[in-house]
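These notes are about the structure you will find just below.
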Amino acid sequence: MKAPGPPGNFLFGNLIDFGRDVLGFFTTAARDYGDVVSLRLGRAPGCLLNHPEYFEYVLLTNNRNFIKHTFFWQHVTEIFGKGLVTNEGAPWLRQRRLAQPAFHRDRIAGYGATMVDYTERMLDSWKPGQTRDLHHDMMELTMQIVTRTLFGVDIEGETAREVSAAFDDALKVVDTRFRRPVKIPEFIPFPGNIRYRRAVRKLDALVYRFIEDRRAAPGDDLLSMLMAARDEDGSSMNDRQLRDEAVTIFLAGHETTALVLCWTLYLLSQNPMAEERLVAELQTVLGGRPPELADLPNLTWTSHVVEESLRLYPPAYAFGREALADCEIGGFAIDKGTTIFISPWVIHRDPRFFADPAEFRPDRWENDFAKSLPRFAYLPFGGGPRICIGNSFAMMEATLLLASISRKFGLKLARGQRIEPHPSITLRPRFGMQMNLSAR
């Protein structure tokens, strides 16, 4: 028996609904059709799941039957190559095994001081009374941090602007591709294809230069650790594999953390009581000094603020898998080749699991609330064997940066600034985020 679902367009199925408003479409589909929703992606079958039990089946229990190569990922393979985000099967497992030690908690702990140092430098340039585009500032800050921790270099000035421009160009093209109901082949000299290839070439040139530098002079950065990693048979990553992993970490690492900070500071600006409690905790724990790694266990409210922000505005608002063989989920038949969608945006706002789901309530995370949730009801970093390898890095960075910023400045949304989430590869603020600064 097939699950119910929205009928869609005769030719394109539900792809037009995706292009118009994927967040609204997923939300409405879950409300109207339940926990298993049939979709049609052109002529290809799709399915939206809306229950933690079914997520666990796809991401963990029967994960070998579901690969990441959905037809949406074909739009980004040139950027990410065969890195951890896109690779499959035994090659993915080998890459994960090689990369895992570089993200061990003890390894990434050493980067805490670097994160705070770069944030303090940025804050020194901020002045009370200024209006700043928070999205731009956070992207620049996290890009500097990830290039220092990943590649061991400082990236500033013209190089930083060049990398940022190339990254934005690539994302704009991919965003358009996601919303287009038909694929334009790469070889056609379409303006978007030309911009995309140019952007990828720029990123490649930068990354290969960093790889060459690190081979000549290894350091304490993540890239050097990836180079030194050896598999059980003594083999290591070649330059292409290093390139794919480095680009994946670079793009995913700075983009997602920047967005977490944007949405968190926006939510605090709209919730004065939560902000007051944050400032009080920072004053008590830090006493006027910058945060340190050792402070994290005592910054509990700060952590809850980040967790609640990730609930409401998860950068990875949806992700997909493709069924390798026929199976059954929730009593409904799922055919081989079906693209399965799981949306943290939808499940994080489900009243069955989160009381007052539309409200920003960091206090909900007190008293070990996370342990009371069904497994996979909260998944800002995915779940199962393919959970984000950098989740601990991201949480440490977001918490330290939030503490650094909030102890010095209050931020309020600028008059006339419209806030609307824009679901591209990640969940960006569509119109930027202009904020007015005030001194603490």
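One-based numbering along the sequence shown.
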Given Glu88, which partner from the list Arg386, Lys82, Arg96 fulfils the salt bridge (charged side-chain N to carboxylate O under 4.0 Å, His left out) test?
Arg386
Aromatic contact between Phe369 and His304, with the criterion being ring centroids under 6.0 Å apart: yes or no?
no
For the pair Arg364 and Asp356, find out whether any cationic side-chain nitrogen is under 4.0 Å from an anionic carboxylate oxygen.
no
List the steps, then state whether ring pair (Phe, Tyr, Trp, His ring centres under 6.0 Å) holds for Phe12 with Phe18.
CA-CA 10 Å; Phe12 299 118; Phe18 269 83; over 10 Å; no
Looking at Met227, is its backbone amide N or carbonyl O close enough to the side chain of Arg230 to form a donor-acceptor pair, meaning the two atoms are under 3.5 Å apart?
yes
Is a side-chain donor-acceptor pair under 3.5 Å present for Arg94 with Ser235?
yes
Just verifying a value: how many Å separate Ile108 CD1 and Met395 CE, rounded to the nearest 0.5 Å?
11.0 Å
Under the salt bridge (Lys or Arg N to Asp or Glu O under 4.0 Å) test, residues paired with Arg240 that sit two or more places apart:
Asp244
Is Glu420 reaching over with its side chain to a backbone N or O of Arg430, donor-acceptor style, under 3.5 angstrom?
no
Contacts satisfying side chain to side chain donor-acceptor pair (under 3.5 Å) that involve residues 250-268 (not counting sequence neighbours) are Glu255-Thr426, Glu255-Arg428, Thr257-Glu397, Thr264-Ser309
Derivation of the side-chain contact (heavy atoms from CB on, under 4.5 Å) call for Phe341 and Arg321
CA-CA 7 Å; Phe341 291 102; Arg321 296 289 189 270; over 6 Å; no
Within a reach of under 6.0 Å around NZ of Lys336, are more than 12 heavy atoms found that belong to other residues, nucleotides or ligands?
no
Step through it carefully: locate the ring centre of Tyr54, locate the ring centre of Phe332, and say whether they are under 6.0 Å apart.
no
Inspect the contact between Arg277 and Glu366 and indicate whether a charged nitrogen and a carboxylate oxygen are less than 4.0 angstrom apart.
yes
Looking at Glu212 and Arg209, is any side-chain nitrogen of the basic one under 4.0 Å from a carboxylate oxygen of the acidic one?
no
Donor on one side chain, acceptor on other, Asp335 and Thr338, under 3.5 Å
no
Under 6.0 Å between ring centres: does that hold for Phe210 and Phe151?
yes
Derivation of the salt bridge (charged side-chain N to carboxylate O under 4.0 Å, His left out) call for Arg243 and Asp239
CA-CA 6 Å; Arg243 176 263 175 216; Asp239 279 5; over 6 Å; no
Output yes when Asp204 and Arg201 qualify as a salt bridge under the 4.0 Å nitrogen-oxygen rule, no when they do not.
no
